[in-house]
Amino acid sequence: MPKVVDHQARRIQVADAVQELITEQGLDRVTVARTASTAGVSVGHVQHYFPTKDEMLLFTHERVVRQILDRVSALGERATRQRLPIRDVVTEGLVEWLPVDPRRRSAHRVTLAFLGRTVDNPQLAQAHAETGRLIRSMLATAVHNGKECGEVPDDTDQDLAALELHSLAEGLALQLGSDPDAATSRTALALVSARVQAVFPGRCRQYEQPEEGSLAPMHSGSHRAIDI
C-alpha cells in the first residue's frame, strides 16, 4: 500500500524552520541549505515545496498570521462564555500583534522580514495589503457590534475607528520591535487600552436581562462576530 504523504504538514515543517531562522538569525541567514538543516530534511525536499525564498517567506507569514487570528478567535469564544465586553476582546486581540513576549516577538520578526520583501515583490505586497484589510474589517465589525450593545456611540464611524486602532497597533509593534527604548511593553499596553476605551466608552448591555414584557437590547448572537 503506497505511503500517504501529508504535504501540508511538510510545508509547515519547513515554515517552522524558516521562522526559527528569522527569529534567531534574521532573514539574510535564511537559505535553502540552512532551512533544510534546521527542519531536518533534504535540500530537495525544501525546493520541491518552495522553489524560491519568497515563496517560503509567504507561506511562513501566512502561517504566523493564521496562528494569531486563531488565538483572537479563541478570545471571542472566551468572551462569550465569560460574558466579557467587546472592548476587552478588542484590547487583547490588538495586543496579540505586539512583540511583548518571546512568542509574539518571533511572529513580529517574521512580519518585519515579510514587510521588507514587499517592496520588491508585488505578490508579497498584495498579501500584506489583504492581511491589513482583513484586520480592519474585523475591527470594524467589532465597532459595529459595540454600537448594538451600547459600548460604542451611534455616531462613531466604524471604518475610521478600525483604521485608527489598526494603525496604533502597527505603529507600536514597529516601535517595540525596532527600538524597545522608545516604548516599554507596559506603555504600549496602556496606550492600546486607552484608545480602545475611547472607542468603546459605554457599558455592554449584551448580557443584561430585559425587563418582563420588553425586547432584548440587541439581536441574539451578534456578540459572536467580534474577532479581530
Practice item. Take Thr187 and Thr184, measure what side-chain hydrogen bond (donor to acceptor under 3.5 Å, both in side chains) needs, and give me the verdict at the end. Key: CA-CA 5 Å; Thr187 300; Thr184 64; 2.9 Å; yes
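- Counting only heavy atoms from C-beta outward, the side chains of Phe50 and Val32 never approach each other to under 4.5 Å.
- The residues Arg195 and Glu164 are annotated as salt-bridged, a charged nitrogen and a carboxylate oxygen being separated by less than 4.0 angstrom.
- Between Glu92 and the choices Arg71, Arg78, Arg87, the side chain to side chain donor-acceptor pair (under 3.5 Å) rule is met once, by Arg78.
- Below 30°, between 30° and 60°, or above 60°: for His48 and His7 the angle between ring planes is between 30° and 60°, a tilted geometry.
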Practice item. Give the intermediate values and the outcome of side-chain hydrogen bond (donor to acceptor under 3.5 Å, both in side chains) for residues Thr52 and Glu55. Key: CA-CA 5 Å; Thr52 69; Glu55 287 181 78; 3.2 Å; yes
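- A 6.0 Å sphere centred on CZ of Arg133 holds more than 12 heavy atoms belonging to other residues, nucleotides or ligands.
- Side-chain contact check for Met138 versus Leu69: some heavy-atom pair is nearer than 4.5 Å.
- Taking 4.5 Å as the limit, some side-chain heavy atom of Leu94 sits within range of a side-chain heavy atom of Leu139.
- The shortest distance between side-chain heavy atoms of Arg34 and Val30 does not fall below 4.5 Å.
- You'll find the side chain of Val14 reaches within 4.5 Å of the side chain of His45, heavy atoms only.
- Counting heavy atoms from C-beta on, the side chains of Arg136 and Asp159 never come closer than 4.5 Å.
- Side-chain atoms of Asp16 and Ile12, non-hydrogen and from C-beta on, do get closer than 4.5 Å to each other.
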